[in-house]
Peer 1: 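What follows is a structure written as structure tokens; I'll ask about it next.
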Amino acid sequence: MKLLVAISQTPETTARIAFKDEGKAFDPSGVNFIMNPYDEWYALVRALELKEELGGTVTVIHCGPAANDVTIRKALAIGADDAYRVDITPDSAYVVAQQVAAHAKEQGYDLIFTGKETIDYNGALVGGMIAGLLDMPFISHASKMVTQGDKMIVTRDIEGGEEDIEVSTPFVLSASKGLAEQRIPNMRGIMSAKSKPLNVVEPVSAEAMAVHTHFTVPPPKSAVKLVDAEQVDELVRLLHEEAKAI
Amino acid sequence: MILVYAETQDGKVKKSALESVYFGSKLAALNGSSCVALMLGPASDGGKLGAYGAAEVLHAADEKLASFDTSTHAKVVAAVAKEKGAKVVLFPDSANGKSLLGMTGVLLNAGVVSGVNKLPEALSDHLVVSRALFSGKAFADCSINSDVAVISLAGNTIKPVAEGSEASVTAITPEIPEAKTRVLDVRRTVGTVPLPEAEIVVSAGRGMKDPSNWGIVEELAEVLGATTACSRPVADSGWRPHHEHVGQTGIAIRPNLYIAIGISGAIQHLAGVNSSKVIVVINKDPEAPFFKAADYGIVGDLFDVVPKLTEEIKKLKSAG
């Protein structure tokens, strides 16, 4: 099995979100960056498990500047065999999908993993776009995957439940919580990651057709109205008459 | 023309379809174009989409479209959009809508924006839409500079109102590509509104102390007609099923009313729920960070407060 995992880099979940240049760009000052959790905990680890089960290789691909190599090295430390970094600012889902699809077309993979979304832009677009560009089946929000003969049975999250889908390789999958358990890189992994191939490649030309032009943060919430624990009826009155929520 | 993918389930249009069609019709009204709904697979009640703003309802009823395959549905939507000259294709931001969005964008060579959260005030040459990102910790305007735009609508963005009359349903027979995936089994919790569609959510956390105590939460949810949810530690320890987990790594929701019981309000939890219109927090710890994000709060013992709340709401409901 030749497996590809597309990984992205995001601010950590507790980062303070702020913007600069009058709301035109994200302000990265003081922010720690991590591998997008859906890519790392679920997509990458499930790919590694599949390699352990069926043999093969796990390659990671990332779109970003050289400063992001630390994220790629972490993926190698967790267990990926090799990596590609496309030297481009990942400013739209479409541009990223174009890079991954171009690489995949050239190399030929059996299965391409992405996270279900990044925790910063929450776009949930790249996986479906890659599948569209490669004309491969796409299964989103995968929370479980088992091999059955030459087929795979993938369970995906839907509103209020889940469904099982039978699919054959090649296909593209986006990983949701539950697909695998997070792995912490060990010292051997960290040491060996230093000598694993990290290939830097030039981007293919691609034009962003949808761009984020202006960012804002929500206004601070007005202070909470506290109701005495002995006056629950007052809370109900407020919810009914003031908030009109019940 | 705006083409709306009107999602169906078990042969009926879903709530998300009413929202999408209603939003689509309001968007179309901004520049005097029309909103056309497209239903895929067997469905019986498409005519009512007319009342919610669809000028026309197109229906490809082929049994092959009954179960969901991303490529098949995306290719049919793209073909219909091309044939009808749609300028905007609108999906609900549901599991299937999210799955279709990127692929349909590629097929139509269109700019794509997911999770649109309000109706633009006006239309210019380019469609500019607003969306939440960083799990609701920020908002952004997105400009789409392609001829065709493909967007999805975040749940609970607009309250659909039946303003018109039933539409006639036009049967269409587009070419249906062979699906390369096959749905083997669908499992849904019956009897409750799925979390992303719920208007009221009652959610509980570790303050409940034990899964056997959930009765008071369920009773409150029942009198409110609410869906139950939980925090991450509760789902991770197996007290509640994973599909109830709301937060940054669970489901992001934006109901009209979110009641948080015994949840401290870690930043990752807040990220998934802070777009709720009204937030009520019940916690015995006055320092719980959740109070800072709440509209209303009670500092008190949840085992005491929650049953009282249920009783008071019952009184309100019976008073009519």
Side-chain angles (χ1 to χ4, degrees), chain A residues 13-14 17 19 37 93-94 97 119-129 131-133 137-141 153 156-168 177-178 209-218 221 224-229 232-233 235-236 238-240 243 245-246, chain B residues 70-71 94-95 98-99 101-103 105-107 110-115 133-135 137-146 180-189 192 194 196-197 224 242-243 248-249 256-257 267-268 278 291 293-300 305 308-309 312-313 316:
Chain A
T13 55
T14 54
I17 304 305
F19 300 94
Y94 187 65
I119 63 163
D120 50 7
Y121 283 76
N122 309 128
L125 293 173
V126 172
M129 286 178 168
L133 291 165
F138 174 51
I139 299 179
S140 70
H141 306 96
I153 312 293
R156 73 184 275 263
D157 298 335
I158 53 174
E159 283 78 27
E162 54 187 22
E163 63 185 11
D164 296 335
I165 295 172
E166 182 185 79
V167 61
S168 302
K177 188 179 177 181
M209 292 183 284
V211 284
H212 290 78
T213 51
H214 187 251
F215 300 91
T216 52
V217 291
K221 197 126 185 164
V224 58
K225 260 188 199 176
L226 284 179
V227 176
D228 192 280
V232 178
D233 55 333
L235 175 66
V236 172
L238 287 168
L239 288 177
H240 183 60
I246 55 173
Chain B
T70 306
S71 304
S94 61
K98 281 182 173 141
S99 199
L101 200 60
M103 190 180 282
V106 165
L107 294 173
V112 186
V113 173
S114 63
L133 60 172
F134 292 99
S135 307
K137 283 181 276 191
F139 300 102
D141 290 333
C142 293
S143 173
I144 302 175
N145 45 34
S146 48
K180 290 186 192 151
T181 71
R182 193 158 66 94
V183 176
L184 301 178
D185 187 28
V186 181
R187 295 174 297 276
R188 276 196 190 91
T189 334
T192 54
E197 294 171 17
L224 285 167
H242 267 291
H243 68 251
Q248 190 155 31
T249 54
N256 290 330
L257 174 60
I267 191 164
Q268 294 90 342
V278 178
F291 283 113
D295 298 284
Y296 301 98
I298 290 185
V299 179
V305 173
K308 275 190 199 159
L309 185 56
E312 291 298 332
I313 290 165
L316 175 79

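Numbers restart at 1 for each chain; the letters A, B, ... are given by sequence-line order, proteins then strands. These numbers come from a predicted model, not from an experiment.
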Peer 1: What part of B:Leu309 lies closer than 4.5 angstrom to a heavy atom of chain A: side chain, backbone, both or neither?
Peer 2: both
Peer 1: Using heavy-atom distances under 4.5 Å, tell me whether A:Asp120 contacts chain B through its side chain, its backbone, both, or neither.
Peer 2: both
Peer 1: Under 4.5 Å heavy-atom distance to chain A, tell me which part of B:Val278 shows up: side chain, backbone, both or neither.
Peer 2: side chain
Peer 1: Could you label the plane-to-plane angle of the A:Phe19 and A:Phe215 rings as parallel, tilted or perpendicular, counting under 30° as parallel and over 60° as perpendicular?
Peer 2: parallel
Peer 1: With a 4.5 angstrom heavy-atom cut-off, could you sort out which part of B:His243 is near chain A: side chain, backbone, both or neither?
Peer 2: neither
Peer 1: With no hydrogens and no angle check, do the side chains of B:Ser135 and B:Gln248 hold a donor and an acceptor under 3.5 Å apart?
Peer 2: yes
Peer 1: For B:Ser143 and A:Thr213, does a side-chain donor sit closer than 3.5 Å to a side-chain acceptor?
Peer 2: no
Peer 1: Counting only non-hydrogen atoms closer than 4.5 Å, does A:Leu226 touch chain B with its backbone (N, CA, C, O), its side chain (CB onward), both, or neither?
Peer 2: both
Peer 1: Just so I know, are the side chains of A:Ile119 and A:Thr13 near enough to count as touching, which here means a heavy-atom distance under 4.5 Å?
Peer 2: yes
Peer 1: Measure distances from B:Ile267 to the heavy atoms of chain A and classify the residue's part below 4.5 Å as side chain, backbone, both or neither.
Peer 2: side chain
Peer 1: If you tally heavy-atom pairs under 4.5 Å against chain B, which of A:Gly123, A:Ala124, A:Ala93 wins?
Peer 2: A:Gly123
Peer 1: What part of A:His141 gets closer than 4.5 Å to chain B, counting heavy atoms only: side chain, backbone, both or neither?
Peer 2: side chain
Peer 1: How far apart are the C-alpha atoms of B:Asp295 and A:Lys221, what are their side-chain angles, what is the distance that settles it, and do they pass the salt bridge (charged side-chain N to carboxylate O under 4.0 Å, His left out) test?
Peer 2: CA-CA 8 Å; B:Asp295 298 284; A:Lys221 197 126 185 164; 3.2 Å; yes
Peer 1: Take B:Gln268 and A:Thr14 through the side-chain contact (heavy atoms from CB on, under 4.5 Å) test and state the conclusion after the steps.
Peer 2: CA-CA 7 Å; B:Gln268 294 90 342; A:Thr14 54; 3.6 Å; yes
Peer 1: Can you tell which of A:Val217, A:Thr216, A:Val236, A:Leu238 has the highest number of heavy-atom pairs within less than 4.5 Å of chain B?
Peer 2: A:Thr216
Peer 1: With a 4.5 angstrom heavy-atom cut-off, which part of B:Leu316 approaches chain A: side chain, backbone, both or neither?
Peer 2: side chain
Peer 1: Could you walk me through whether A:Glu163 and B:Arg187 pass the side-chain contact (heavy atoms from CB on, under 4.5 Å) test, one step at a time?
Peer 2: CA-CA 6 Å; A:Glu163 63 185 11; B:Arg187 295 174 297 276; over 6 Å; no
Peer 1: Look at A:Ala243, A:Ala210, A:Pro137, A:Gly161 and state which one has the largest set of heavy-atom pairs under 4.5 Å with chain B.
Peer 2: A:Ala210
Peer 1: At a heavy-atom separation under 4.5 Å, does B:Thr189 approach chain A through its side chain, its backbone, both, or neither?
Peer 2: both
